[in-house]
Every structure is written in structure tokens, then in C-alpha cells.
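All values below were derived from every heavy atom in this structure, side-chain atoms included, with hydrogens, water molecules and symmetry-related copies excluded. Letters go in sequence order (proteins before strands), and every chain restarts at 1.
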There are 2 protein chains.
Amino acid sequence: MSVGHTAVTTPVPDEPVIVCETPQDECGVRDVLDRLGDKWSVYVVVELASGIRRFKELQRAIPGNISQRMLTLTVRRLERDGLVARTVYPTIPPQVEYELTEMGHSLTHLVKTLADWSIAHRPAIAASRAAWDAAATEPTTEPATAP
Amino acid sequence: MSVGHTAVTTPVPDEPVIVCETPQDECGVRDVLDRLGDKWSVYVVVELASGIRRFKELQRAIPGNISQRMLTLTVRRLERDGLVARTVYPTIPPQVEYELTEMGHSLTHLVKTLADWSIAHRPAIAASRAAWDAAATEPTTEPATAP
DNA sequence: CAGGATCCCATCGGATACTG
DNA sequence: CAGTATCCGATGGGATCCTG
């Protein structure tokens, strides 16, 4: 079917109509990515999704050995954006608890979507990379099986 | 209710059970973010979601004036990951077309999810930031209406 | 314990300039 | 047109030291 049809611009199957209406507009996608695209924010959200955590608890729970500096910065930004709530108990030693706000919790669905996609396509991506890197290494395009 | 109950760890409402099973594991979320979290990848995907594009077309369509250098780097990485297909027509001047692969198209749903969340919560985030910044500016915490 | 202040390096990304 | 190569400033993020 469709042999020589004119509208071949979009040979796409379904498509969710994608995002933008106005071209040259960033549609808001950057907004989220600027917030979660950094090295640690997602981990904080994921960990806090399980419940309230203290500073040290967070630091220990997050994979990759986050420095206290980065944890502070990350958690502050999330707090500023209203995604994380911070409660200080003026005790000695001090105790500070972090938890997701309602809006913060709404992020977890989104994070799950990201993770699901990633896990589903990880093998394919790895294969593609391997093929690409192999092609970049070997000189000839054809399987010449050299001498 | 729950006055002194022990299992107060998760006062959460619903939650999609979130992502990780194994703690200290990055669950794959980083994978996607390392791929889309950079400055331009999402724009390329969004633009290519509408159909095939040539290099210059892409560059012009993407908001924010991407440099040819970054467009090349971005598009190459996407190609290496198997998200974008590149077709070269050895003409003079050269013509190169880019399009999403099937896997690339599967990204659009995910991008839409991101955009939807962003647009939905943008006002709340802006308000939170405004409040935060205001609190950071004024010295006293209470509405003392100073002298 | 929580986190502010510094120092310092690695990477990202922009601006040309040059080629096939 | 579609890149590649270089230079270079801005930013991200780690390590360390210090305080309430």
C-alpha cells in the first residue's frame, strides 16, 4: 500500500503528536531536564520517595558517593523549587530531615517512566554502541576478513 | 490516628513503588538522563519526531541557536546510541539527512511525559522559587514590617 | 551532624577558521 | 552544505578545612 503517495514527510507509525505547538519554543522540556538532568537530583528524589531521610542517611543511601557539598546544593535546589521539604530540629547535634513535597512525589511517576524506558532499551543501545565503535575501529567497511 | 505508631517511615499516598530494587544501584535512570540531560539532545529528538531533517534544517529549527559543532556532537551521539539514523548523499554540495530510528521514536512518548509534567508544575515551581528568593532577601523570618 | 567556604580540575559548550 | 579542528571561557563537581 501507499506506493507513490505524496505525504511521505512523516513515515512515522503512531507518535504522541509530540510536544511543541510553537516552533522555536522550548516547550518546557528543558525545565524538567535542568532540574533532574544534573548528576544527583534524581537519586535524591528516588531515595526520598521511600520516606523521610536525614542528611547523612541520604548521603549514604545515594549510589556513587555524593559529596556533602553536592548533596547540600542538590537538596537546596530541590527545596527552592518546592519539590523537597526541609525540617530542622535545633538539637545538639543538629538534626535535619528531608522529605518530598506533594509535587515532589508527582515526580516519581515521571522518574519511573524514565527508568522503564532505560531498562527496556539498554540492551539495544549497548548493541548499537558496540557496532558503532567497531565500525570506527576497523578501517574497511566490508567484512574483508583481511589477510 | 497513629500516635506513636512505629511504621511512620512512609507517610506517602500512592507512589508507583518507584524504581530500584537493589539499593546502591542506579536503576538505569542515569542512563536516560546522560543521554537526554545535555543541552540539545531533546530538541533534536523533538524536531526529528516531525520527520526527516537535513543538517541545516535541524540547526535552524532548534531553539537557542545551537552551534554546528554542538549539533554535530549531539547528533553523532544519538546516532551511536541507535536513536537517530544518518543518511549521506554524496552529492555536491553534500546532503545529509537525519531521522529518528524506531527506538528514537519511542523516546517521543517519554519526552511528552516530561513536557507535560513541566508545563503542569511550572507555575507552582515559579511560585516556590519566588517565595524562597524573597525569604533569602529579607532578614527577619516574621512579617515584622520593620521600622 | 549538618553545612558553609575555598581551592582546583575536568568537562561542556560557544566562537571562529578551515576543508571536501 | 556538512562537517572537523582549535582555542577558550563558563560551569559542574570533588576534596578539604572549618564551624555551630
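- Following rounding to the nearest Å, Leu73(A) (CG) and dA15(D) (C1') show an atom-to-atom distance of 14 Å.
- Atoms CD1 (Ile62(B)) and C1' (dG13(C)) sit 14 Å apart, rounded to a whole Å.
- A straight line from CD of Glu97(A) to P of dG3(C) spans 12 Å, rounded to a whole angstrom.
- Here the P atom of nucleotide dG13(D) and the CG atom of Asn65(A) are 15 Å apart, to the nearest Å.
- For the pair Ser67(B) and dG14(C), the criterion of a side-chain N or O lying under 4.0 Å from OP1 or OP2 is met.
- The pair Asp116(B)-Lys112(B) meets the salt-bridge criterion, with a side-chain N (NZ, NE, NH1 or NH2) lying under 4.0 Å from an Asp/Glu carboxylate O.
- In this model, the phosphate group of dT16(C) is not approached by any side-chain N or O of Arg69(B) to a distance below 4.0 Å at OP1 or OP2.
- Residue contacts for Arg54(B): at a heavy-atom cut-off of 4.0 Å it reaches the sugar-phosphate backbone alone, with no base atom in range.
- Spacing between atom CD of Glu79(A) and atom P of dA2(C) amounts to 15 Å, rounded to whole angstrom units.
- For Ser128(A) (side chain) and Ala124(A) (main-chain N/O), no donor-acceptor pair under 3.5 Å exists by modelled atom type.
- Nearest-nucleotide positions on DNA chain D for Pro93(A) and Gln68(A) put Gln68(A) closer to the 5' end.
- In this structure, Lys56(B) does not reach the dG3(D) phosphate: none of its side-chain N or O atoms is under 4.0 Å from OP1 or OP2.
- Shown here is Glu102(A), whose CD atom has no more than 12 heavy atoms of other residues, nucleotides or ligands within 6.0 Å.
- Between the NZ atom of Lys39(A) and the C1' atom of dC12(C) there is a distance of 14 Å, given to the nearest Å.
- For Val96(A), taking side-chain heavy atoms from C-beta onward, the closest of the listed nucleotides dT4(D), dA2(C), dG4(C) is dA2(C).
- Among all heavy-atom pairs drawn from Trp40(A) and Gly64(A), the shortest one is CH2-O, 3.4 Å.
- Note: CD (Gln59(A)) to C1' (dC1(C)) measures 11 Å, nearest angstrom.
- Each of Arg86(B) and Asp38(A) lies near DNA chain D, and the nucleotide nearest Arg86(B) is the one positioned closer to the 5' end.
- Looking at every heavy atom in both residues, Gln68(A) comes nearest to Phe55(A) through O-CZ, 3.7 Å.
- The distance from atom CG of Leu71(A) to atom P of dG4(C) is 11 Å, rounded to the nearest whole Å.
- Residue Tyr98(B) is in sugar-phosphate contact alone, with no base atom involved, counting any heavy-atom pair closer than 4.0 Å across all strands shown.
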